[in-house]
2 protein chains.
Amino acid sequence: MLRGEITDAIRRAVMQELAAVGYGRLSIEAVARRAGVGKTAIYRRWNSKLEMVLEIVSRVAGQSLPLPDTGTLRGDLEALLRIVTRALCHPLASQIIPDLLAEAARNPQLAQTLQESLRVNQRDVGNQVIGRAVDRGELPAGTDPDAAIDLIVGPLYWRLAVARTPLPENHLPWMAESVATALGAGAPAAPGGPARSGDDPVTVPLPR
Amino acid sequence: MLRGEITDAIRRAVMQELAAVGYGRLSIEAVARRAGVGKTAIYRRWNSKLEMVLEIVSRVAGQSLPLPDTGTLRGDLEALLRIVTRALCHPLASQIIPDLLAEAARNPQLAQTLQESLRVNQRDVGNQVIGRAVDRGELPAGTDPDAAIDLIVGPLYWRLAVARTPLPENHLPWMAESVATALGAGAPAAPGGPARSGDDPVTVPLPR
DNA sequence: CGACGACGGTACGGTTGCGTCCCGACGTAC
DNA sequence: GTACGTCGGGACGCAACCGTACCGTCGTCG
């Protein structure tokens, strides 16, 4: 009968330690110290550092974010950008997320866990927003949801998590507007959208 | 009289080790092992792990990239995207860059070094491309170069370094087109550009 | 050809973390 | 009130790495 309060303290300590030193240097001893807990209490719950981090991170990252249907593509985009901004401005998250993503590049198990708990969720959100916009006639039918997600999340992630430059006032609405325009104007000449609708499956292989 | 071949071997080993285990777990012993070199040879050149990595990384990252003037905003964008893609697809770089950027979030000295050798260079490129486009009349005069860089590099970085999904064929031209459109159509209704020309300086404060 | 110095290698003491085990204390359920 | 299990804490042997010191070797200048 493990005590939940202890488990919570460990979880909190792992997040703080992840932010402080990163996954690479995360040590069980430091987690135990920070949580005010014996190493025994940790090993009683998880078998290894990887397993512990996977469980804790996926639990946090797996929380589905509610996305309101604002009735407009621009509205949806702005709401989405606002959610992402809020998440990436969180001091813990802004340290942990880039660190884990970098670590995932060399740790397949971690990569898979993040993929399942983060990307799947995010992909659904993207598909929803794009799908609704297509239904409303705001976007051409062939719009590629994956490319759309790149355009939506990429600039914000770059700004907040990589360049780490603060956002000017009214930046989000401008960004939403820009992205909406970019998506709607994807096809230069030929109609059908950026991914060429569905007439050329080779164009969107997406292996793995 | 330190032998240059040895220094080069160490440099190469550091890059490989950085890619393999990341900055957090980089050890001098491992570098020496990989380079086929005694630890002495390393300590003879640098005083610490941080100093060594700073020197080596800044040397690599400081290489200025030549950007041809294609005569078109779309052309410049596509060329720029192609350069970034090539850099981010390099197996070593794709592992090292996200790792160092994540580490920079908690290591001010590393952050400053990366800032100086990477961002300065990149910022110049962005200013050039945007400036030329403004001169040609392709973009409104008030276009914010920083925001433009976000839109240009962000999606590609997200795609290649974070999501790590391969690019579909012809993705770059489409991206260049989208970004060009997004930049030129920043203002929702009133003409004058995304930053409202110069009638409202509050809109583009950009602290720091 | 001789002296100098960087070379690879080894060993050092000290620190840190691993994963396991044992202890006495506490609390709870029966 | 007794028995059980988790608790914090400490100690264990083992491993890795730190930064330094000291070898004998080898190449390169002068």
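The sequence lines fix the lettering, A, B, ..., with proteins before strands; numbering per chain opens at 1. The analysis underlying the following values was restricted to heavy atoms, covering all of them including side chains, and did not include hydrogens, waters or symmetry mates.
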Mind calculating the distance between [atom1] ([X]) and [atom2] ([N]) to the nearest angstrom?
X     : N      : atom1 : atom2 : result
B/M1  : C/dA3  : CE    : C1'   : 15 Å
B/R3  : D/dT28 : CZ    : P     : 7 Å
B/R25 : D/dA16 : CZ    : P     : 14 Å

Checklist entry - Going by heavy atoms closer than 4.0 Å, what residues in residues 37-52 of chain A are next to DNA chain D? => result A/V37, A/G38, A/T40, A/A41, A/R44, A/R45
Item to check | Spacing of B/I130 atom CD1 and B/T143 atom OG1 [to the nearest 0.5 Å] | outcome: 6.5 Å
Item to check | Value rounded to 0.5 Å, distance of CD in A/Q112 from CG in A/L54 | outcome: 9.5 Å
Next on the checklist: With salt bridge (Lys or Arg N to Asp or Glu O under 4.0 Å) as the criterion, how do B/R74 and B/E78 come out once you've worked through the C-alpha distance, each side chain's angles and the decisive distance to 0.1 Å?
Outcome noted: CA-CA 6 Å; B/R74 276 162 192 73; B/E78 195 174 330; over 6 Å; no
Next on the checklist: Under 4.0 Å between a side-chain nitrogen and a carboxylate oxygen: does that hold for A/D76 and A/R136?
Outcome noted: yes
Checklist entry - Could A/R11 and A/E55 be called an ion pair, given the rule that one side-chain N must be under 4.0 Å from one carboxylate O? => result yes
Next on the checklist: Run the salt bridge (charged side-chain N to carboxylate O under 4.0 Å, His left out) test against A/R106 and tell me which residues pass, sequence neighbours left out.
Outcome noted: A/E103, B/D99
Next on the checklist: Are there over 12 heavy-atom neighbours, none belonging to B/E51, within less than 6.0 Å of that residue's CD?
Outcome noted: yes
Next on the checklist: How close do B/R159 and A/A147 get, counting heavy atoms only, and between which atoms?
Outcome noted: NH1-N, 4.0 Å
Item to check | Sorted by number, the residues of residues 27-35 of chain A with heavy-atom contact under 4.0 Å to DNA chain C | outcome: A/S27, A/I28, A/E29, A/R33
